[in-house]
2 protein chains.
Amino acid sequence: MALRHAVLAALLDGEFSGYQLAKGFDIGVANFWHALPQQLYAELSRLEGEGLVAGREVVQEGRPNKRMFHVTEAGLAELERFAATPAKPSFIRDDLLVKVQAVDGIDPAPVIAQLQERAAVAEAKAEVLGKLLVRLRGEADEGEFLRTGRRIGPYLTCRRGLAFERETYDWCLRTAEILRQRVVTVRSGE
Amino acid sequence: MALRHAVLAALLDGEFSGYQLAKGFDIGVANFWHALPQQLYAELSRLEGEGLVAGREVVQEGRPNKRMFHVTEAGLAELERFAATPAKPSFIRDDLLVKVQAVDGIDPAPVIAQLQERAAVAEAKAEVLGKLLVRLRGEADEGEFLRTGRRIGPYLTCRRGLAFERETYDWCLRTAEILRQRVVTVRSGE
DNA sequence: TCAGAGTACTCATTTTGTTGAGTATGCAAT
DNA sequence: ATTGCATACTCAACAAAATGAGTACTCTGA
């Protein structure tokens with residue numbers, strides 16, 4: 001059950017509402033823990049019930065009120081406890097890889113198309129993450145920031161996400177190219 | 001529901017029992033779709049019920065009988081259909097990244113230890129995948145194999161897995177080093 | 001003025017994934 | 001002789017994640 005911890009980690013950056021998390025999750029924490037809005041709302045309620053986060057109602061005009069949450073002492077202690085328990089091994093879990101695995105038995109055309117599309121998505125995501133990196137370190141150069149910055153967690157995970165997206169981009173394009181070449185080869189009666 | 005398709009894709013390589021899949025899943029398809037033995041057995045039964053795979057009982061001596069499964073025509077058609085439906089975006093989902101994200105608020109020592117451990121796991125996995133790559137392409141050089149081999153799906157996904165593990169390895173070591181340096185910096189009263 | 005998009009959520013259900021405990025047999029080492 | 005490991009599975013219960021369908025109000029543009 002790491003969604004709760006992902007939420008706690010995200011709330012280390014300040015006060016957020018469920019709605020804000022649901023938006024921001026896509027660029028920040030969502031690089032390594034994706035969740036739907038409904039899950040976030042539910043998790044925040046549960047965390048509040050357990051006293052790991054505290055919420056306050058913010059009355060707004062011209063738009064619905066919202067609840068802003070922050071981590072409590074108990075929440076921080078829970079994060080601490082979580083960080084000290086052994087991590088589970090991670091793995092990629094991806095539809096598209098399943099399709100590529102099966103590509104020898106089926107029509108490669110839709111797989112090629114999806115690889116192309118995925119490459120574009122990965123490129124766009126890489127750009128967003130690259131910009132986020134710049135924003136996170138501010139003025140300082142990277143080495144300096146990593147040595148002395150006081151909030152480097154998001155920076156470090158963002159670097160991982162960026163490397164992943166770049167890797168995805170490269171692999172998708174190379175794989176698509178290989179499959180395209182084979183279609184040509186087979187057609188020319190190799 | 002891509003587990004079923006991962007199983008179908010795995011069965012493209014021949015006939016396997018649930019037990020064999022449960023073992024082999026760790027090195028082949030499991031690079032992008034992890035599953036516990038129980039899930040595989042259950043999925044195979046379901047697939048058999050739907051006629052997407054067919055099983056036959058193999059009587060053995062000195063050990064329990066087993067059921068060997070292969071993909072049927074209908075199963076292949078299902079894979080074809082699956083490959084043609086748009087892929088969902090993928091993302092990393094990883095405990096350890098959550099911990100790194102939170103590292104500014106907690107004790108970094110256990111996080112550093114887990115990064116080190118994860119690097120070792122990734123290195124070992126990368127080596128296994130590297131060997132698998134060599135085994136899959138056999139005598140041929142890579143370019144030749146990719147152009148003319150008749151079963152390249154597993155090779156292509158294996159390359160992705162290898163790149164991922166290498167990336168994980170690098171990131172873990174670099175991140176651990178950065179965190180270690182900071183501990184020193186803080187201690188020396190920066 | 002009315003459709004559409006944005007803010008801010010809730011509730012219910014289903015689908016997946018995980019955990020834990022069994023069953024049964026044979027082989028090899030202690 | 002008995003422990004422990006490998007083969008080959010099954011069943012039940014639970015936790016987590018994904019899906020779908022709302023609610024309600026406001027602002028903006030056609």
Side-chain angles (χ1 to χ4, degrees), chain A residues 1-8 15-26 29-30 32-50 53 55-69 82 85-95 98, chain B residues 1-8 15-26 29-30 32-50 53 55-69 82 85-95 98:
Chain A
M1 205 190 346
L3 172 59
R4 68 190 308 107
H5 301 111
V7 169
L8 289 171
E15 243 193 352
F16 294 99
S17 68
Y19 190 76
Q20 283 174 303
L21 278 184
K23 302 260 110 170
F25 234 59
D26 273 337
V29 179
F32 51 90
W33 209 276
H34 164 81
L36 299 167
Q38 294 97 311
Q39 284 174 268
L40 295 174
Y41 287 120
E43 198 57 54
L44 283 168
S45 299
R46 238 170 289 144
L47 286 167
E48 196 185 18
E50 295 171 39
V53 306
R56 62 184 183 93
E57 183 91 11
V58 174
V59 179
Q60 299 186 112
E61 295 178 39
R63 56 177 62 182
N65 296 345
K66 62 181 173 184
R67 314 207 58 215
M68 300 287 281
F69 295 93
F82 168 68
T85 63
K88 302 178 188 163
S90 80
F91 33 81
I92 311 178
R93 183 167 274 194
D94 190 343
D95 268 14
V98 175
Chain B
M1 206 191 342
L3 172 60
R4 66 189 310 104
H5 300 111
V7 170
L8 288 171
E15 243 192 352
F16 294 99
S17 69
Y19 190 77
Q20 283 175 302
L21 279 183
K23 300 262 110 172
F25 234 58
D26 273 336
V29 178
F32 50 89
W33 211 277
H34 162 83
L36 299 167
Q38 294 96 311
Q39 280 174 275
L40 295 174
Y41 287 119
E43 198 58 55
L44 283 168
S45 298
R46 237 171 289 142
L47 286 167
E48 195 185 19
E50 295 170 40
V53 306
R56 63 184 183 92
E57 183 91 11
V58 174
V59 179
Q60 298 186 114
E61 295 177 38
R63 55 179 62 184
N65 296 344
K66 61 183 173 183
R67 312 207 58 215
M68 299 287 281
F69 294 93
F82 168 69
T85 64
K88 301 177 188 164
S90 79
F91 33 80
I92 310 178
R93 184 166 274 194
D94 190 343
D95 268 13
V98 175

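Letters A, B, ... are given to chains in the order of the sequence lines, protein chains preceding strands, and every chain is numbered from 1.
The side chain of Lys23(B) contributes no N or O atom lying less than 4.0 Å from OP1 or OP2 of dA8(D). At dG17(C), one or more side-chain N or O atoms of Arg93(A) fall inside 4.0 Å of OP1 or OP2 (strictly under the cut-off). Side-chain nitrogen and oxygen atoms of Tyr41(B) include none within less than 4.0 Å of the OP1 or OP2 phosphate oxygen of dT10(D). Look at Gln38(A) and you won't find any side-chain N or O under 4.0 angstrom from OP1 or OP2 of dT19(D). Not one side-chain nitrogen or oxygen of Ser17(A) sits closer than 4.0 Å to the OP1 or OP2 atom of dT7(C). Contact annotation: Tyr19(B) does not reach the phosphate of dC9(D) (side-chain N/O to OP1 or OP2, under 4.0 Å).
Rounding to whole angstrom units, CH2 of residue Trp33(B) and P of dT18(C) are separated by 11 Å. Whole-Å rounding puts the Gln60(A) CD to dT7(C) P distance at 11 Å. Whole-Å rounding puts the Arg63(B) CZ to dA28(C) C1' distance at 13 Å. Counting to the nearest Å, the C1' atom of dT10(C) and the NZ atom of Lys66(A) are 19 Å from each other. Rounded to whole angstrom, the span from the CZ atom of Phe16(A) across to the C1' atom of dC9(C) amounts to 18 Å. Summarising the geometry, the separation between CG on Leu36(A) and P on dT10(C) is reported as 15 Å, rounded to the nearest angstrom. Whole-Å rounding puts the Gln39(B) CD to dC14(D) C1' distance at 14 Å. In this structure, Asn65(A) places its CG atom 21 Å from P of dG6(C), rounding to the nearest Å.
If you find the closest nucleotide of DNA chain C to Pro64(A) and to Ala42(A), the one lying nearer the 5' end belongs to Pro64(A). Along DNA chain D, the nucleotide nearest Pro37(B) and the nucleotide nearest Lys88(B) are compared for position; the residue whose nucleotide lies closer to the 5' end is Pro37(B). Map Phe91(B) and Ser45(B) each onto its nearest nucleotide of DNA chain D; the residue landing nearer the 5' end is Ser45(B).
With hydrogens and angles disregarded, no donor-acceptor distance shorter than 3.5 Å links the side chain of Arg4(A) to the backbone of Glu43(A).
Inter-residue side-chain proximity for Tyr41(A) and Tyr19(A) is flagged as met; some heavy-atom pair is nearer than 4.5 Å.
The heavy-atom pair separating Leu44(A) from Val53(A) by the smallest distance is O-CG2, 4.0 Å. Between Asp95(B) and Lys88(A), the shortest heavy-atom contact is OD2-N, 3.6 Å.
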